[in-house]
Amino acid sequence: MAHSTFAINPRWPGGIVAGLVLALTLGTLCAVAIRAEFQTGFGAADWAAVRFTVSQAFVSALFSCLLAIPVARALARRQFRGRSALITLLGAPFLLPVIVAVLGLVMVFGRNGLLNDAFGLVGLPEISIYGFHGVVLAHVFFNMPLVTRLVLQGWLSVPSERFRLAASLNAPVGRLIEWPMLRTVLPSAFLVVFLICLTSFAVALTLGGGPKATTVELAIYQSLRFDFDLGRAALLALVQFVICASAAIVAWKVTSPDGSGAGLDRAVQRWDGGAKRDVLVIFLAATFLALPLGMIILRGATEVLSLPTDIWKAALRSAIVAVFSSALSTVMALALALRAGRLAAVSGGLPLAASSLVIGTGLFLLVYPFVNPAKLALPITMLVNAVLALPFVLRAMAPAVAKIETDFGRLAISLGMSQQTWIWGVVLPRLKGPIGFGAGLAAALSMGDLGVIALFAGDGQETLPLAMYRLMGAYKMDAAAGAALLLLTISLGVFWVCDRGGRTVADF
Amino acid sequence: MQKPLILTAAAAFTLATPAIAETPVLTVLTYDSFTSEWGPGPAVEAAFEETCGCDLQFVGAGDGAALLARLQLEGPSTEADIVLGLDTNLTAAARETGLFAPHGVSADLTLPIAWEDDEFMPFDWGYFAFVANKGAKAPNSLRALADSDTKIVIQDPRSSTPGLGLLMWVQAAYGNDAGALWADLADNILTVTPGWTEAYGLFLEGEADAVLSYTTSPAYHLIAEEDDSKVAWPFDEGHYMQVEVAGKVAGTDQPDLANAFMAFITSEAFQSIIPTTNWMYPAVTPADGLPAGFETLITPAKALLLSPEDALASRPAALDAWRTALSQ
């Protein structure tokens, strides 16, 4: 990404954002480390946790990407009724609170789930979701749709002139157009999924079947909550950063910049075949996503209207936090995308490597001497959610910004265009799609995130996910299922509104 | 609350000082589910405020373990006057912080064990137990469970207080043979979840035959949902207890109110709220007895409980044995 350094993009806003991200990730880690008394070293169990963490994240990311390619390709090539709805639905698994998604998966793939019921009918042996493969299955369910969206963006950003040319020359589309496009999009998508899976611990533990499935993040959780061993937590968080950094370096090395020239900004038309296979792929992917979601909807449908008023208040509170953190995240991502370069790339990836528990604890230590943290619960949640969503929003925006710069930057400079005209007249209109997608993602992520609020919230500040957990904690699983459906509906709603707003131009 | 949210947020940024209140404020740090709308919190607050001439404020922080971590993060400058919701697996570590003062309360507790702790006062208690559907084949001991092909869901002792309770249960019942029991139990464990919520959710979805919870869990289903299909399995080795306690913070700026609250904890008004909101046994059985439905619960023949000091000291080795046995 270091190739783009046109003077026309403003660089200082990106610098400010990078500083903020560094403060929230590494700064909070330092705050924890400073308070710590270092006593415990790194034991054999910790190395086992590191090995498991890395291997499950690698396999999960690999499968998410491999499976996403045919789905994105099929979606890029076919127009059909419900395509738009399906693309919106691709956002859904990613936005669900972990426990809801896990229960949804279990209702389909579990011992008592649909699949085993069907297997039982035709006399096949029972399959178990618990184990390494279960962890990978859940991570693919969460992340394959995200990769599909990212790769789909890549496919749709290929100028249609190239496909015309390829068609008229009867040239191999795959090798000449699609493979180079994938080389620019896939490494960063792989990295994102790898990092998400690296820091997820509830999925790994719940479906992993036992302490073999211990991740570094669980060890951090244990150190902070049970042992109050801040030094160990800081050390483990550092290990997590190192793993993430190594992965990021590898991803950059294999990324190749897109340099095949601009088109006329027209929508893609394709002449190559494969209709039957595309239909099958889309059907399979849609089923894989829709079944667990459908179970969640069925489970909550009867409860959602009889939810207590406090849940609706929590929903409104969550929605307000989501709107603000989405706006903040979008602006920050734009600033970083315009700055480009190494600093932007690092700060756009750091939040993924951070443990939200360490961020929360660090912030708590920083804030506590000055003000009661409960008073700042919602603003802090807004800020942290915005920063945590930043990598995704940036991922959606950065390739498009870089491309606009390569395609039109020289022209703009030769015309003596002002920075203002460049941003408002050239960049933003072309960014509508990615901005809509990114803002929707950020808003929905914020809606579903339990995050730091659990550490800070006092009376009357609970967000919807927290309220849902509290319902479950009070045995009220049915009401919680209703709250989960409400959460899913609102998350998808905000995602759809933003995404739709952007897509009207970018993708008809 | 919801509409002026933005204003509140703005105010929070500018006004770092708490609102000046006429009435003194007593701050009680407790776990989330105690203070939630469905927990004992609201009723306890109303009952105490009737008599204290004060404003009782709950601050919720995760579960019992998170509560202690929160207190340690805040240190001596904590605003909390009372900490409510630690259990005996945590009190030794809590005592070591030196943040607690003697409670000075004497009460006729109805615990199945003698209670001698001058810093921590029990407010409720329960027995850990495996909860299952009525009619499922019920093992009558941990050993029988380990030898059966029953599938259970348990919680991770590194992230959950019930999970830690089971670890201590096996430790208290089997001592040096705990590792062997875990090894035999390994193939019964469908999965290990980070917290009680995930485990109980999986059980209710029909994933497992039984889940580690409390002997009082069936009371919730019976009383709140009129569903008598859940039972707790009585085990011959005895059942490990969870005793939930409260303590007075030594540096409290409201010593009189804090003392009044510590005394209030064992009063009829507080104790009668506990059974059907926290779904545990009250530390002092109310004069009218327990709510209808509690008489259907099993009463373990033997109560197991390690002293706080033993629980803390045996935890690392017990965790190692657990992890080794279950990682095979």
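Order of the sequence lines fixes the chain letters, A, B, ..., with proteins taken first and strands second; residue numbering starts at 1 for each chain. Being a predicted model, the structure only gives us computed values, none of them experimental.
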**Q.** Minimum side-chain heavy-atom gap A:Leu363-A:Leu383 below 4.5 Å
**A.** no
**Q.** Side chain, backbone, both or neither of A:Tyr475 within contact of chain B (heavy atoms, under 4.5 Å)
**A.** both
(Q) Using heavy-atom distances under 4.5 Å, tell me whether A:Met472 contacts chain B through its side chain, its backbone, both, or neither. (A) both
Q.
For B:Asn188 and B:Lys151, which I'm curious about, is there any donor-acceptor pair between the side chains at under 3.5 Å?
A. no
Q) Given side chains that start at C-beta, do those of B:Leu29 and B:Arg70 come closer than 4.5 Å, heavy atoms only? A) yes
**Q.** Option that, when pairs with chain B are counted at under 4.5 Å, heavy atom only, ranks first among A:Ile129, A:Val102, A:Leu218
**A.** A:Leu218
Q | Under 4.5 Å from any heavy atom of chain B - which part of A:Leu224 | A | backbone
Q: Determine, using ring centers only, whether B:Trp196 and B:Phe203 are less than 6.0 Å apart.
A: no
Q) Under a 4.5 Å heavy-atom cutoff, which of A:Ala213, A:Ala474, A:Gly473, A:Ala480 has the most pairs with chain B? A) A:Gly473
Q.
Among A:Leu103, A:Asp478, A:Asn112, which residue has the highest count of heavy-atom pairs closer than 4.5 Å to chain B?
A. A:Asn112
**Q.** Which atoms of B:Ser217 approach chain A - backbone, side chain, both or neither, heavy atom under 4.5 Å
**A.** both
(Q) What I'd like to find out is whether the side chain of B:Met168 reaches to under 4.5 Å of the side chain of B:Ser314, using heavy atoms alone. (A) yes
Q: Go through the structure and list residues passing salt bridge (charged side-chain N to carboxylate O under 4.0 Å, His left out) with B:Asp320, not counting sequence neighbours.
A: B:Arg323
Q: Start with the C-alpha distance between A:Lys476 and A:Arg470, add both sets of side-chain angles, then the distance that settles side-chain contact (heavy atoms from CB on, under 4.5 Å), and finish with yes or no.
A: CA-CA 9 Å; A:Lys476 300 187 187 303; A:Arg470 286 180 175 174; over 6 Å; no
Q. Hey, are the side chains of A:Thr214 and A:Phe52 touching, using non-hydrogen atoms and a 4.5 Å cut-off?
A. no
Q: Please state whether the side chain, the backbone, both or neither of B:Thr97 comes within less than 4.5 Å of a heavy atom of chain A.
A: neither
Q. Is it the side chain or the backbone of B:Leu319 that comes within 4.5 Å of chain A heavy atoms, both, or neither?
A. side chain
Q: Name the member of A:Lys212, A:Arg111, A:Gln222 that forms the most heavy-atom pairs with chain B at distances under 4.5 Å.
A: A:Arg111
Q: Could you have a look at B:Thr324, B:Thr193, B:Asn278 and say which one has the most heavy-atom pairs with chain A under 4.5 angstrom?
A: B:Thr193
Q) Within a strict 4.5 Å, meaning less than it, do heavy atoms of the B:Phe34 and B:Leu67 side chains meet? A) no
Q: Specify which of A:Gly210, A:Gly110, A:Gly209 makes the most heavy-atom pairs with chain B at under 4.5 Å.
A: A:Gly209
Q: Using non-hydrogen atoms and a 4.5 Å limit, figure out which bit of A:Leu207 sits close to chain B: side chain, backbone, both or neither.
A: backbone
Q: Examine whether an atom of B:Leu68 lies under 4.5 Å from a heavy atom of chain A, and if so say whether it belongs to the side chain, the backbone or both; otherwise answer neither.
A: neither
Q. Heavy-atom distance under 4.5 Å to chain B: side chain of A:Pro369, backbone, both or neither?
A. neither
Q: For residues A:Ile127 and A:Leu115, determine if any side-chain heavy atom of one lies less than 4.5 Å from a side-chain heavy atom of the other.
A: yes
Q. What residue, out of B:Thr191, B:Asp156, B:Val153, has the most heavy-atom pairs lying under 4.5 Å from chain A?
A. B:Thr191
Q) Which bit of B:Tyr220 is near chain A, if near means a heavy-atom gap under 4.5 Å: side chain, backbone, both or neither? A) side chain
Q: Can you tell me which residue pairs pass the salt bridge (Lys or Arg N to Asp or Glu O under 4.0 Å) test with a partner in residues 185-212 of chain B, sequence neighbours excluded?
A: A:Arg299-B:Glu205
